[in-house]
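Below is one structure, written out as structure tokens, with a few remarks after it.
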Amino acid sequence: MSESSFTMDAEWNALYIDGEWVDAGDRDDIAVENPATRETVTSVPAATEDDVDRAYEAAAEAQSEWADRPAEERAAVVEDAIDLLDEHRDDILQSLAVESGSANAKAFAEWQTAQGMCYHAAGLADELDTETQDSMIPGKQNHVERVPMGVVGVISPWNFPFNLSMRAVAPALATGNAVVLKPASATPVTGGLLLARLFDEAGLPDGLLNVVPGYGSDIGDRVAGHPELDVMAFTGSTDVGKRVAATAAENLALPAMELGGNNPHVVTEDADLDAAVDSAVFGSFLHQGQVCISINRHLVHEDVYDEYVERLAERAENLPVGDPTDRENVIGPVIDEGQRDEMLDYVERTVEAGATLETGGEADDLFVEPTVLSDAENDMAAACNETFGPIAPVIPFADDEEAVELANDTEYGLAASVHAGDLDRARDLADAIDAGMVHVNDQPINEEPSVPFGGVKASGIGRYDGDAILEELTQTKWISVQEEQREYPF
Ligand code: NAD
């Protein structure tokens, strides 16, 4: 056991239910692999459906007393977690590097955003005041309270595991809910057990956060379909999300769904090309392209197309690839062989369909080279699919109308970016792109705790972050007080 309880070599072989670390016993093991070295770095127990039931029962039991506490008391626990995040920052960054292949810039951004989510959650205490509203009935006072939804189930993915769990867990707890968290099986520590340890050490009362690592295929239906569930906060792929939402809705639990994306980066001929390419490199290659809001397609005006392709390919070729525990490396490994093979297949099919491979296209074990494809078209495999890899297909357009048509020609609508010299033109393009988030003179990878985050079309239902998260995690309760005797018609 290491000195810090937040490193990967700390003790993780337990579930966290009702404030107890439950030993693995005879449960199956989930081996956690460092994707850079392929070594097994720890193992965690695979929770069973019975474990999920116990987690929900504990959550339901603990929730009402927690909801009755003053919001400031709940916020104080989250504030203590913020201090622990500071104290254990380097260990958390290291764990993100080892478990999810995160290079330093990504790991740091993830830690920082997760901490921002905690600050934001603690501040939500001020948003829970009761509003008084006029009544159309003489002598009546209307009070509208915001009350917690009850028990929130959180299912999170492996790509930004710590932040994507935290952005649901911290505000859920701060607003008086209890939580059952199922992290992705590739990242059970940084997406789950590490949050349990953090809130445990921060003094969260028993039962309010329960963590059940496991495979979606084994326990996913139970997590999404448990009768005690009130909100299903899911972040992951659209296919799984549809199933999870349907299962949750059967019990009338609210689905809050953050799903896949196919995000366009539009560059007009009057754009500052240096800035557009800088953004493109970050937006396509951060975390090996494994971000729901990565650039999936580069849409570039034909007048600057060749220059853009040349510069992007040169930058991509020179990105340092290797083990992310070496801080020099910008491109780490992708999460597993399945993901790698799918990415390489998209590249191969795109080249077969007539695109030109400018750079990349190969992999050394799980290290996939940053790849740029020119002469690409919207219906080619690397463009029309969410590749979730370091792959940049570049597609030309002739005018703004065509750029918008191409940008919107996808089932998804998560994020987008637009580079244009004329800001009015950029705003017009941003208005016309059908996405939940559009960033002008930037790239799409942005998440700010105080600004609503989410997509349209197949990219999800609802919004995280900002005050919008209150719509997911709380509901209104109308209490009216008839202060003078009311006159009825009969
Ligand atoms: P995934 O859908 O395969 O898995 C997400 C989670 O769902 C994991 O915890 C997994 O174990 C669980 N799961 C799998 N099958 C399940 C089932 N039948 N029932 C219940 N849960 C089940 O996604 P992934 O591969 O982990 O992540 C990549 C995807 O997530 C991409 O599509 C990406 O765009 C999306 N994503 C979206 C956002 C967003 O905010 N919109 C953020 C990150 C990732």
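Both ligands and their constituent atoms are indexed starting at 1 by order of listing. Position 1 is the first residue of the sequence, and the numbers go up from there.
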remark   = min-distance protein heavy atom vs atom 25 (O) of ligand 1 -> W158 NE1, 3.0 Å
Polar proximity ligand 1 side, E386 side, N/O cut 3.5 Å exclusive = yes
query = Using a heavy-atom cut-off of under 4.0 Å, does the side chain or the backbone of N159 touch ligand 1, or both, or neither?
reply = side chain
inquiry  = Please tell me if atom 4 (O) of ligand 1 is touched by the protein, where touching means a protein heavy-atom distance below 4.0 Å.
reply    = no
inquiry  = Please list the nearest protein heavy atom to atom 18 (N) of ligand 1 with its residue and the distance rounded to 0.1 Å.
reply    = R243 NE, 3.6 Å
ask   = Measuring from the heavy atoms of R167, does anything fall under 4.0 Å of ligand 1?
value = yes
task = Give me the ring orientation class for Y308 and H265: parallel if the planes are under 30° apart, tilted from 30 to 60°, perpendicular past 60°.
result = tilted
ask   = If we only count N/O pairs under 3.5 Å, is L414 in contact with ligand 1?
value = no
ask   = Is A224 touching ligand 1 with its side chain, its backbone, both, or neither, if touching means heavy atoms under 4.0 Å apart?
value = neither
ask   = Which residues satisfy the salt bridge (Lys or Arg N to Asp or Glu O under 4.0 Å) test with E358, sequence neighbours excluded?
value = none
key: Contact with ligand 1 for P183, non-hydrogen, under 4.0 angstrom   = yes
query = For ligand 1, is F453 a contact, meaning one of its heavy atoms is under 4.0 Å away?
reply = yes
message = Going by the closest heavy atom to atom 2 (O) of ligand 1, which one wins out of A415, G225, S237, G454?
response = S237
ask   = If hydrogens are left out, which of Y464, F234, F160 has an atom nearest to atom 7 (O) of ligand 1, that is, the closest non-hydrogen atom?
value = F234
query = Does some non-hydrogen atom of S156 fall short of 4.0 Å from ligand 1?
reply = yes
request  = Measure the distance from atom 20 (C) of ligand 1 to every protein heavy atom, then report the residue, atom name and distance (to 0.1 Å) of the closest one.
outcome  = G220 CA, 3.2 Å
request  = Give a yes/no verdict on whether any heavy atom in L164 is under 4.0 Å from an atom of ligand 1.
outcome  = yes
note = Min over S217, G191, P188, G236 of heavy-atom distance to atom 35 (C) of ligand 1 lands on G236
